[in-house]
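One structure is given below, encoded as structure tokens.
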There are 2 protein chains.
Amino acid sequence: MTAFASRMDNVSGSAIRELFKLLGDPKIISFGGGNPSKDSFPVDLVRQMTDKILAEKGTVVLQYGATEGYKPYIEACLEYLRARKGLVGTPANMLALSGSMQGIDLITRIFVNPGDAVLVESPSFLGALQTFNLYQAKLVPVEMEEDGIVIETLERLMKEHKPKLFYCIPTFQNPTGRTLSAKKRRQVAELARKYDVIVIEDDPYCELRYTGEPLPTIKSFDEDGHVILLSSFSKTLSPGLRVGNAFGREDIIRKMTICKQSADTHSCNITQAIAAEFVAGGYMVPHLEQIIPDYALRMNTMLDALAKYFPSDCTYTKPDGGLFIWGELPKGTPALELFKRAVEEIKVAFVPGEHFFISPDMGKNTFRLNFSAETPERIEEGVRLLGGLISKL
Amino acid sequence: MTAFASRMDNVSGSAIRELFKLLGDPKIISFGGGNPSKDSFPVDLVRQMTDKILAEKGTVVLQYGATEGYKPYIEACLEYLRARKGLVGTPANMLALSGSMQGIDLITRIFVNPGDAVLVESPSFLGALQTFNLYQAKLVPVEMEEDGIVIETLERLMKEHKPKLFYCIPTFQNPTGRTLSAKKRRQVAELARKYDVIVIEDDPYCELRYTGEPLPTIKSFDEDGHVILLSSFSKTLSPGLRVGNAFGREDIIRKMTICKQSADTHSCNITQAIAAEFVAGGYMVPHLEQIIPDYALRMNTMLDALAKYFPSDCTYTKPDGGLFIWGELPKGTPALELFKRAVEEIKVAFVPGEHFFISPDMGKNTFRLNFSAETPERIEEGVRLLGGLISKL
């Protein structure tokens with residue numbers, strides 16, 4: 001039969017997705033997901049806004065829209081970036097995206113030839129790794145410490161591999177929950193400029209902060225356009241709407257726009273209009289204030305339970321926000337084994353960490369816990385069961 | 001500055017889009033667009049359905065969805081294909097798309113290595129040509145006659161170039177309005193099998209039929225899965241919703257799904273739910289019956305005006321449906337010159353046909369007329385003015 005393209009050779013779909021097809025049982029306490037809490041969605045507000053949009057601009061939003069984005073959406077997002085992050089730009093600096101995942105794809109498309117090096121945090125977001133693999137990039141992992149990637153390693157790898165891209169999730173990283181310090185953010189921007197590397201600053205979790213003060217974006221230290229900031233409404237308003245945006249240098253945004261014409265013509269107008277209304281109507285900040293205490297409660301419940309029930313030779317991160325906690329079993333203890341026994345014996349699920357590394361022989365003893373899908377009671381119970389099982393290994 | 005990938009070398013964005021930035025003047029009678037008529041959008045119905053969806057399934061549609069598609073959407077589209085086109089398949093044969101443009105991108109992504117040949121009707125849809133260029137395909141044009149591509153040429157080029165793909169818009173083609181005959185549809189499927197070529201059957205206009213009987217899809221003659229049918233709601237319900245689907249062999253759909261994970265995770269849930277409700281609720285066929293007379297009136301007004309006002313040495317197609325009529329000026333008369341004078345002197349716009357060919361030295365004397373954006377009165381007037389200007393060239 002017709003041969004597939006060579007870019008498909010090393011791509012197999014999401015291993016996690018396959019893993020989780022095992023988990024049909026509703027009794028399972030799941031720390032395996034990565035979804036925002038469904039309790040966080042402002043359904044009634046979205047319903048009212050959607051009705052207003054269709055009543056007032058029905059024929060506009062149902063017609064073809066601009067590839068660049070629905071104008072009120074772009075304006076609202078630019079103003080939000082200015083007011084909330086001190087970033088100033090014009091519509092030529094922004095492209096509407098069908099979720100920020102699309103931004104990773106488009107940036108890779110415009111910059112990466114097969115064989116080009118792409119630096120990634122190690123571990124990193126699985127979806128991004130898969131995208132870079134599809135473009136046949138050479139993935140180079142950058143080791144992390146508590147405040148994000150090790151800067152000396154980043155510089156050494158930039159020198160050595162002359163990468164096109166460095167992909168970074170600076171705030172409450174997926175999968176580790178770690179946050180890149182302000183000092184390192186400045187250093188990343190400086191190194192990007194020095195070594196002519198494009199930084200994808202993927203920042204979907206930044207608004208889900210439960211303690212501490214917001215940090216400046218890497219983009220805010222960017223003097224000549226080496227940083228592209230990807231923002232998303234998936235973790236704040238709703239992932240099902242598929243709305244995000246890219247903010248960057250004009251010529252880069254222009255090239256991404258050309259590729260987006262081919263990718264999906266334009267993003268859905270109604271959902272862009274909903275996000276625009278949400279931001280421009282001033283609903284975002286009160287909404288965040290409303291949902292954050294609930295997320296914080298769940299995270300703190302998990303952290304307390306980890307302290308109480310996990311063996312002392314297990315380590316885990318203590319994030320200031322986001323959706324994930326990252327753990328390490330004692331060296332030599334495989335998390336995949338733990339996963340299989342946990343699902344079977346105690347009905348608790350999580351994600352074995354090896355999937356977030358570029359090579360299957362890395363991170364065998366690591367795991368990711370998500371706390372947004374379960375109640376505090378079930379979080380406590382799940383961690384207790386898991387701690388007990390680890391002690392028996 | 002950071003070098004762009006080599007795939008960007010021959011890509012410049014839509015030439016038409018640039019051309020039409022000139023046309024801000026509302027006095028201009030435009031035959032240049034390709035949008036469905038805004039009068040065709042069932043705004044009130046969409047408004048009611050959306051409100052119901054958010055009331056009943058708000059937390060479901062606002063959450064992440066499956067890459068494969070929103071289940072009720074896939075079920076509704078499969079049933080529609082079965083009832084309306086006699087095509088039988090399971091959910092494993094279908095992938096939800098963010099508009100059928102995304103299908104062209106995903107199919108090219110899974111099959112085409114740089115340098116692989118892709119056969120295209122000549123002329124063809126500009127967006128598809130641009131996508132194939134982005135994947136660095138070698139584009140090979142297949143000449144057309146009144147009932148679609150010349151089959152002998154198609155077979156010769158399949159032998160000669162061993163293409164991966166043949167891209168075909170069988171019904172009321174963009175830009176020509178031509179329809180591939182039933183006999184040729186069967187032959188295309190047979191040749192695809194014989195020469196192991198994947199056929200992209202892009203059929204967004206098929207439901208906009210104003211005369212004659214529906215034809216079987218190429219897919220209906222496909223015995224071993226060489227044909228992938230792309231369907232769209234853009235021309236029937238609304239393009240702003242960005243919903244379409246691909247129907248094909250399981251292994252192909254599976255590979256496309258993997259690539260879609262990277263492209264945009266999944267298509268917007270709300271708009272898939274709207275389309276599902278529209279189809280499953282039985283609204284599609286009555287809606288088509290309601291909008292078709294208006295489209296037919298506009299097309300027939302244009303055809304009558306062409307007969308009346310255009311010089312006899314101009315030729316044009318007489319479609320049975322769709323949105324476009326294709327014309328040829330006498331050999332040696334450049335349509336781009338006519339376009340510039342028409343916009344300036346008589347305030348009438350259309351698209352010079354050269355943009356729809358793979359090489360800028362082809363189709364210099366051709367042009368595309370769209371009849372869905374103007375009233376019958378303005379169509380008559382525009383064609384009269386244009387005919388007068390051509391006579392003066």
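By convention in this document, chain letters (A, B, ...) are assigned in the order of the sequence lines, proteins followed by strands, and residues within each chain are numbered from 1. Side chains included, hydrogens not; waters and symmetry mates left out as well; all remaining heavy atoms used.
Nearest heavy-atom pair across G58(A) and V43(B) is CA-CG1, 3.8 Å. Taking every heavy atom of both residues into account, Y64(B) and R242(A) meet most closely at CE2-NH1, 3.7 Å. When all heavy atoms of C268(B) and L241(A) are compared, the closest pair comes out as SG-O, 3.8 Å. Nearest heavy atom pair, residue S6(B) against residue N113(A), reads N-OD1, 2.8 Å.
Using a 4.5 Å heavy-atom threshold, the side chains of R109(A) and D105(B) count as touching. Residues F4(B) and K164(A) have side chains not in contact (no heavy-atom distance under 4.5 Å, counting atoms from C-beta outward).
For chain A, the option among G99(B), A263(B), G103(B) with the highest count of heavy-atom pairs below 4.5 Å is A263(B). Interface check for chain B: of the options D196(A), L97(A), T131(A), V60(A), the most heavy-atom pairs under 4.5 Å are formed by D196(A). If you tally non-hydrogen atom pairs under 4.5 Å between each of R7(B), K255(B), Q63(B) and chain A, the highest count goes to Q63(B). Ranked by heavy-atom pairs under 4.5 Å with chain A, the list A55(B), S234(B), G244(B) is led by A55(B). The candidate with the highest count of non-hydrogen atom pairs below 4.5 Å against chain B, out of N35(A), V243(A), D264(A), is N35(A). Contact count versus chain A (heavy atoms, under 4.5 Å) is highest, among T2(B), T59(B), D116(B), for T2(B). Of the listed residues (S40(B), C259(B), P114(B)), the one with the most heavy-atom contacts under 4.5 Å to chain A is C259(B). Chain B forms the most heavy-atom pairs under 4.5 Å with one residue out of N269(A), D39(A), D51(A), and that residue is D51(A). The choice from I270(B), V112(B), V61(B) that makes the most heavy-atom pairs within less than 4.5 Å of chain A is V112(B).
With a threshold of 4.5 angstrom between heavy atoms, S267(B) approaches chain A through N, CA, C or O but not through any side-chain atom. Proximity to chain B (any heavy atom under 4.5 Å) is shown, for V46(A), by both the backbone and the side chain. Both the backbone and the side chain of I110(A) come within less than 4.5 Å of a heavy atom in chain B. Residue R193(A): no heavy atom, backbone or side chain, is found under 4.5 Å from chain B. With a threshold of 4.5 angstrom between heavy atoms, T50(B) approaches chain A through side-chain atoms but not through N, CA, C or O. Only the side chain of H226(A) comes within less than 4.5 Å of a heavy atom of chain B; its backbone N, CA, C and O stay farther away. With a 4.5 angstrom heavy-atom cutoff, A128(B) does not touch chain A via any of its atoms. For chain B, the nearby part of T271(A) is the side chain; its heavy atoms alone come within less than 4.5 Å. Residue K57(A) does not touch chain B at all, counting heavy-atom pairs closer than 4.5 Å. With a 4.5 angstrom heavy-atom cutoff, T257(A) does not touch chain B via any of its atoms. Proximity to chain A is limited to the side chain of K235(B), based on heavy atoms less than 4.5 angstrom apart.
Applying the side-chain contact (heavy atoms from CB on, under 4.5 Å) test to S100(A) and every residue at least two apart in sequence or in another chain returns D202(A), L230(A), S232(A). Considering only residues two or more places apart in sequence or on other chains, Y70(B) meets the ring pair (Phe, Tyr, Trp, His ring centres under 6.0 Å) condition with none of them.
We find the CG-CG distance between L62(A) and L237(B) to be 7.5 Å, quoted to the nearest 0.5 Å.
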